[in-house]
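Report on the structure given below.
Lettering of chains follows the sequences in order, A, B, ..., and the numbering in each one begins at 1.
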Protein chains: 2
Amino acid sequence: MTNAYHPHNHKHCIEEALQEARSLCKDKGARLTPLREKVLELVWQSHSPIGAYDVLAELGRLEERAAQPPTVYRALDFLMEHGLIHRLSSLNAFIGCSHPGEQHNSCFLICEKCRVTQEIEHLGIEASLKDCAQSQGFQIKDSSVELSGLCPNCLGADTE
Amino acid sequence: MTNAYHPHNHKHCIEEALQEARSLCKDKGARLTPLREKVLELVWQSHSPIGAYDVLAELGRLEERAAQPPTVYRALDFLMEHGLIHRLSSLNAFIGCSHPGEQHNSCFLICEKCRVTQEIEHLGIEASLKDCAQSQGFQIKDSSVELSGLCPNCLGADTE
DNA sequence: TTCATAATTGTTATAATATAACGTATTTTG
DNA sequence: CAAAATACGTTATATTATAACAATTATGAA
Ligand SMILES: [Zn+2]
Ligand SMILES: [Zn+2]
Ligand SMILES: [Zn+2]
Ligand SMILES: [Zn+2]
């Protein structure tokens, strides 16, 4: 399985994310239940953000009894608490974390054409955010940095 | 009128924002109708973000016939299009732009205690965001940088 | 093991945010 | 003025998220 941004075997991404999640949760004594793992897998379906109700719909295609919103939101909350996924507030959607476990203030590059979203750790950004906050005497507790535009692939398609 | 962050006469902020909005709209041939101006004034009520439904409620206290959501959302859309307000996606709320007219990619410092929100232009952040995007071959069209935490005033109150 | 407790999930209802669609009124312009 | 464009009113509904409580399952101490 591939996507337009990076041709690659995406099953590897999914399997790796699941393995790492299992390992991290085991270490922390957090219970990665079958439901939570399934939701994580659905979020990792692609490198594009997915909405809670889309997760819900996918879940409904698999289970007999359709799950209800709180079920999905609780699983998503668990995954966020443990740093396994991120919520993109500019899209009301969720995406798998590309480097869970490590403390990080990420920046997201969101392609508005193909929706592929890349999570980037950029030291310059982190430093300048800290600098900005410090100069104002502000203590950052949480940061949301979401850049939307065109990814290299979609830019190329435009000009070619 | 004051707020906890900066003791100041907030009526000046409001009046200045309204004056500048009138002037900018006139220059651009955009119609700052009474409704739109009223909504802008309500958004400028404070230095904290305000939700669309709160604007709606305030509007309802003034008008005889209660306005409906589309009325408010259309006014907010107009004000955003013309750079007079910003939407904070992490809060689903709106705030007056502190320097309309100039093209800018702002960063918001949102106090999670008193809700006072400051819009900052920080050249280091803008530069590092550009640098990040460029290194990925990504073309930024829109940026959302929202930092939440504690403002200097609330930090002081904690330690004192 | 067995019971008590805590954690998870199910279920129903509803809150909060936002937009579609269409009709009416107002403004602008030729 | 008449035509066209723009703005606003109105109703209905879509989308995202949570409250509240019941049922179930896992955990751990006795
Ligand atoms: Zn992949
Ligand atoms: Zn991450
Ligand atoms: Zn003020
Ligand atoms: Zn601004």
Side-chain angles (χ1 to χ4, degrees), chain A residues 21-22 25-26 28-43 48-60 62-82 84-95 110 115 144 146, chain B residues 21-22 25-43 48-60 62-82 84-95 115 144 146:
Chain A
R22 289 183 200 112
C25 286
K26 198 171 179 185
K28 293 200 278 182
R31 289 168 57 191
L32 188 62
T33 63
L35 172 67
R36 289 165 173 173
E37 187 171 322
K38 187 71 215 171
V39 169
L40 179 59
E41 185 181 344
L42 289 170
V43 171
S48 303
I50 183 173
Y53 277 77
D54 294 325
V55 171
L56 188 60
E58 290 294 311
L59 214 52
L62 302 170
E63 313 287 324
E64 316 214 338
R65 301 186 62 73
Q68 297 304 312
T71 300
V72 166
Y73 278 101
R74 283 187 292 228
L76 292 169
D77 285 344
F78 171 89
L79 297 169
M80 277 196 290
E81 270 168 31
H82 293 87
L84 299 169
I85 64 173
H86 293 285
R87 179 169 190 275
L88 298 176
S89 63
S90 66
L91 299 175
N92 293 337
F94 302 83
I95 192 162
I110 305 166
R115 303 256 305 172
S144 160
E146 302 174 21
Chain B
R22 290 185 200 110
C25 285
K26 197 170 180 185
D27 290 352
K28 293 200 280 183
R31 289 168 54 192
L32 187 64
T33 63
L35 174 67
R36 288 164 173 173
E37 187 171 320
K38 186 72 216 170
V39 168
L40 179 59
E41 185 181 344
L42 290 171
V43 171
S48 304
I50 185 174
Y53 278 77
D54 293 325
V55 172
L56 187 60
E58 290 295 311
L59 214 53
L62 304 171
E63 312 287 324
E64 316 214 340
R65 302 188 61 73
Q68 296 304 313
T71 299
V72 166
Y73 278 101
R74 281 187 294 227
L76 292 169
D77 285 344
F78 170 89
L79 297 170
M80 277 196 290
E81 271 167 32
H82 294 87
L84 300 170
I85 64 172
H86 294 285
R87 179 170 189 274
L88 298 175
S89 64
S90 66
L91 298 177
N92 293 337
F94 302 83
I95 193 162
R115 305 256 304 172
S144 160
E146 302 173 21

Side chain of [X] - closest among [options]:
X: Pro70(B); options: dT16(D), dT11(C), dT10(D); answer: dT10(D)
X: Arg74(A); options: dT18(D), dT10(D), dC21(D); answer: dC21(D)
X: Ala52(B); options: dA18(C), dT19(C), dT9(C); answer: dA18(C)
X: Asn92(B); options: dT17(C), dT10(D), dT8(C); answer: dT17(C)
X: Arg31(B); options: dA18(C), dT27(C), dA17(D); answer: dT27(C)

| said: As an exercise, state the distance from CD of Glu146(B) to OG of Ser90(B), rounded to the nearest 0.5 Å. | reply: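 The OG atom of Ser90(B) is 3.5 Å from CD of Glu146(B), to the nearest 0.5 Å.
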
| Can we say Arg22(A) and Glu37(A) salt-bridge, meaning some charged N sits less than 4.0 Å from an Asp/Glu carboxylate O? | yes

Using whole Å, report how far [atom1] of [X] lies from [atom2] of [N].
X: Gln68(B); N: dC8(D); atom1: CD; atom2: C1'; value: 12 Å
X: Asp77(B); N: dA18(C); atom1: CG; atom2: P; value: 10 Å
X: Leu91(B); N: dT16(D); atom1: CG; atom2: C1'; value: 16 Å

| request: Identify whether a stacking contact exists between Tyr53(A) and dT16(D), where the ring centres must be under 5.5 Å apart and the planes under 30° apart. | output: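 Yes.
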
| If you look at every strand shown and take non-hydrogen atoms under 4.0 Å, does Thr33(B) touch a base, only sugar-phosphate, or nothing? | sugar-phosphate

| task | Would you indicate whether the side-chain heavy atoms of Ile50(B) and Ile95(B) approach each other to under 4.5 Å? | result | no

| query | Taking side chain as C-beta onward, heavy atoms only, is Leu79(B) less than 4.5 Å from Leu32(B)? | reply | yes

| request: Map Ala67(A) and Tyr73(B) onto DNA chain C by nearest heavy atom, then report which one ends up closer to the 5' terminus. | output: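 Upstream on the strand: Ala67(A).
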
